[in-house]
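These notes concern the structure reproduced below.
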Protein chains: 2
Amino acid sequence: MTVMETTGTRTDTCAGPTQQQNRRPDGDDHYTISEVVAFTGLTAHTLRWYERIGLMPHIDRSHTGQRRYTNRDLDWLDLVGKLRLTGMPVADMVRYAELVREGDHTYGERFELLQTTREDVLARIDELRGTLAVLDRKISFYADAGRALASERSR
Amino acid sequence: MTVMETTGTRTDTCAGPTQQQNRRPDGDDHYTISEVVAFTGLTAHTLRWYERIGLMPHIDRSHTGQRRYTNRDLDWLDLVGKLRLTGMPVADMVRYAELVREGDHTYGERFELLQTTREDVLARIDELRGTLAVLDRKISFYADAGRALASERSR
DNA sequence: CGCTTGCTTGGAGTGCACTCCAAGGTTCTA
DNA sequence: TAGAACCTTGGAGTGCACTCCAAGCAAGCG
């Protein structure tokens with residue numbers, strides 16, 4: 001049995017609200033770099049850079065050497081996008097990509113990495129909630145001050 | 001009437017779960033840079049840098065030119081810390097600091113800035129929740145795969 | 001008094017995540 | 001079949017937020 005990160009047929013399914021329409025059916029899923037730019041919002045520079053640093057697998061090439069991305073590559077980029085949103089350093093994502101490439105025996109390590117990331121995200125959400133509370137207090141302070149200034153002007 | 005950001009006596013009050021004990025009473029609140037380092041977790045380098053770029057007001061000096069921070073400075077650093085957590089660029093925080101220094105007539109702009117930031121934080125929390133969902137799906141996928149591998153081994 | 005520890009300054013350096021460039025080959029449209 | 005638009009590469013450059021350095025002054029202690 002093989003633990004795959006992402007496959008042509010199912011990908012730990014239901015990819016969420018991501019822009020996944022416009023995709024070609026698996027089998028003739030060959031996208032140019034500019035199509036992937038349109039899908040992901042990343043720049044072509046960044047996509048090439050991701051490949052260079054090992055955050056992407058080596059992408060298939062056309063007979064003339066141009067990149068041809070597959071649906072699987074797009075799925076991977078979706079995940080990377082999500083992880084990036086968490087603030088995970090690129091180096092850690094590269095590490096994860098390496099684990100995937102290395103095969104099944106890295107399963108445990110990958111699992112742990114995901115769980116650590118999950119904890120980080122929860123902590124981050126909590127931090128943001130704390131900040132939100134401060135912001136709300138400050139905003140209502142300003143609203144009060146605004147009313148005071150207004151009534152002062154009307155006096 | 002003056003809209004103050006932070007005062008010696010009240011600061012739009014109840015500063016939250018921040019480490020505010022160990023503070024000296026207002027009036028002999030004079031902290032060295034290393035004390036502020038201990039309070040905030042920032043480095044002395046960073047504190048000096050904040051002052052240089054205008055993210056802090058000019059800090060009082062001792063007769064020999066050493067920085068002496070006040071409770072008010074600590075309050076400001078608390079806010080800066082919170083804003084930093086939201087991912088607000090330092091340049092924007094500097095802008096806010098300038099508005100505060102410029103006085104009452106910047107009230108409206110400050111209010112807007114805070115509200116924009118609030119919206120950003122809400123959006124960020126939502127993003128993180130989306131990521132959390134992806135992570136949870138992936139984690140349970142790995143958990144299932146783990147069970148499958150285990151049962152395979154036991155066969 | 002000497003020593004350690006802490007503080008000062010301007011300016012240079014670091015690490016991250018891109019971002020861009022030049023020079024040239026490829027693919028599409030009229 | 002010409003020209004525009006797009007793609008390739010390695011390597012250099014950018015912007016942000018620190019982070020560190022060297023040289024020197026200051027304060028507290030035995």
Side-chain angles (χ1 to χ4, degrees), chain A residues 24 28 30-70 73 76-77 79-98 117 120 124 127 131, chain B residues 30-70 73 76-77 79-98 117 120 124 127 131:
Chain A
R24 289 193 266 283
D28 62 23
H30 305 293
Y31 309 93
T32 64
I33 201 166
S34 59
E35 286 175 308
V36 178
V37 164
F39 275 131
T40 61
L42 298 168
T43 70
H45 297 301
T46 302
L47 287 168
R48 286 191 276 259
W49 179 65
Y50 277 4
E51 191 179 339
R52 238 192 305 175
I53 64 175
L55 183 52
M56 297 288 299
H58 182 78
I59 300 297
D60 286 347
R61 305 299 159 119
S62 71
H63 67 108
T64 55
Q66 296 191 190
R67 286 172 180 77
R68 294 294 177 254
Y69 292 80
T70 63
D73 295 325
W76 175 254
L77 282 169
L79 176 64
V80 166
K82 293 289 182 195
L83 292 180
R84 212 168 44 115
L85 287 178
T86 69
M88 183 189 268
V90 167
D92 288 6
M93 293 193 273
V94 170
R95 175 81 192 120
Y96 185 73
E98 279 166 1
T117 305
D120 290 349
R124 189 89 187 82
E127 272 180 358
T131 304
Chain B
H30 305 294
Y31 309 94
T32 65
I33 201 165
S34 59
E35 285 174 310
V36 179
V37 165
F39 275 131
T40 62
L42 298 168
T43 70
H45 296 301
T46 302
L47 287 168
R48 286 191 277 258
W49 180 66
Y50 277 4
E51 191 178 339
R52 239 192 304 174
I53 64 176
L55 183 52
M56 296 287 301
H58 183 80
I59 300 298
D60 287 346
R61 304 299 160 119
S62 70
H63 67 107
T64 54
Q66 297 192 191
R67 285 172 182 78
R68 294 292 178 257
Y69 291 82
T70 63
D73 296 324
W76 176 253
L77 283 170
L79 176 64
V80 166
K82 293 289 183 195
L83 292 180
R84 213 167 43 116
L85 287 179
T86 70
M88 182 188 268
V90 168
D92 289 5
M93 292 193 274
V94 170
R95 174 81 192 121
Y96 185 73
E98 280 166 1
T117 305
D120 290 350
R124 189 93 188 79
E127 273 180 356
T131 304

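Every chain is numbered from 1 and lettered A, B, ... according to where its sequence line falls, protein lines coming before strand lines.
When the C1' atom of C:dG11 is taken as reference, atom CZ of B:Arg48 falls 14 Å away, rounded to whole Å. For B:Ile33 and D:dA26, the CD1 to C1' distance is 15 Å, given to the nearest whole Å. Atom pair B:Leu55:CG and D:dC16:P shows a separation of 15 Å (rounding to whole Å applied). In this entry the distance linking CD of B:Glu35 with P of C:dC7 reads 9 Å, nearest Å. The distance between atom OH of B:Tyr50 and atom C1' of C:dT9, rounded to the nearest whole Å, is 20 Å. Computed from coordinates, the A:His45 NE2 to D:dT14 P distance equals 14 Å when rounded to whole Å. As rounded to whole Å, 12 Å separates atom C1' of D:dT8 from atom NE2 of A:His58. One interatomic measurement links the two molecules: NE2 of A:His30 to P of D:dC7, which rounds to 16 Å at whole-angstrom precision.
Counting non-hydrogen atoms under 4.0 angstrom, A:Arg68 reaches nothing in the nucleic acid. Counting non-hydrogen atoms under 4.0 angstrom, A:Arg61 reaches the backbone sugars and phosphates but no base. Looking at heavy-atom distances under 4.0 Å, B:Arg67 makes contact with sugar-phosphate atoms alone, never a base. If you check every strand for non-hydrogen atoms under 4.0 Å, B:Ser62 touches nothing.
The listed nucleotides are D:dA17, D:dA27, C:dT19; the one nearest the side chain of B:Trp49 is D:dA17.
Here A:Thr43 does not reach the OP1 or OP2 of C:dC18: none of its side-chain N or O atoms lies under 4.0 Å away. The side chain of B:Arg84 contributes an N or O atom lying less than 4.0 Å from OP1 or OP2 of D:dC18. For B:Thr64 and D:dA27, the shortest distance from a side-chain N or O to OP1 or OP2 is below 4.0 Å. Checking the phosphate oxygens (OP1, OP2) of D:dA17, no side-chain nitrogen or oxygen of B:Thr46 falls inside 4.0 Å.
Both A:Leu42 and B:Gln66 sit near DNA chain C, but only B:Gln66 has its closest nucleotide nearer the 5' end. If you find the closest nucleotide of DNA chain C to B:Glu51 and to A:Met93, the one lying nearer the 5' end belongs to B:Glu51.
Below 30°, between 30° and 60°, or above 60°: for B:Tyr96 and B:Trp76 the angle between ring planes is below 30°, a parallel geometry.
Interface remark: the B:Arg52 side chain does form a donor-acceptor pair with the C:dG11 base, using a distance-only criterion of under 3.5 Å.
Judged by distance alone, with hydrogens and angles left aside, the side-chain atoms of B:Thr86 form no donor-acceptor pair with the main-chain N or O of B:Lys82 at under 3.5 Å. Without hydrogens or angle criteria, B:Arg124 side chain to A:Leu85 main chain gives a donor-acceptor distance under 3.5 Å.
Between the side chains of B:Thr117 and B:Asp120, no donor-acceptor pair of N or O atoms lies under 3.5 Å.
A salt bridge does not link A:Glu51 to A:Arg48: none of the charged side-chain nitrogens sits closer than 4.0 Å to a carboxylate oxygen.
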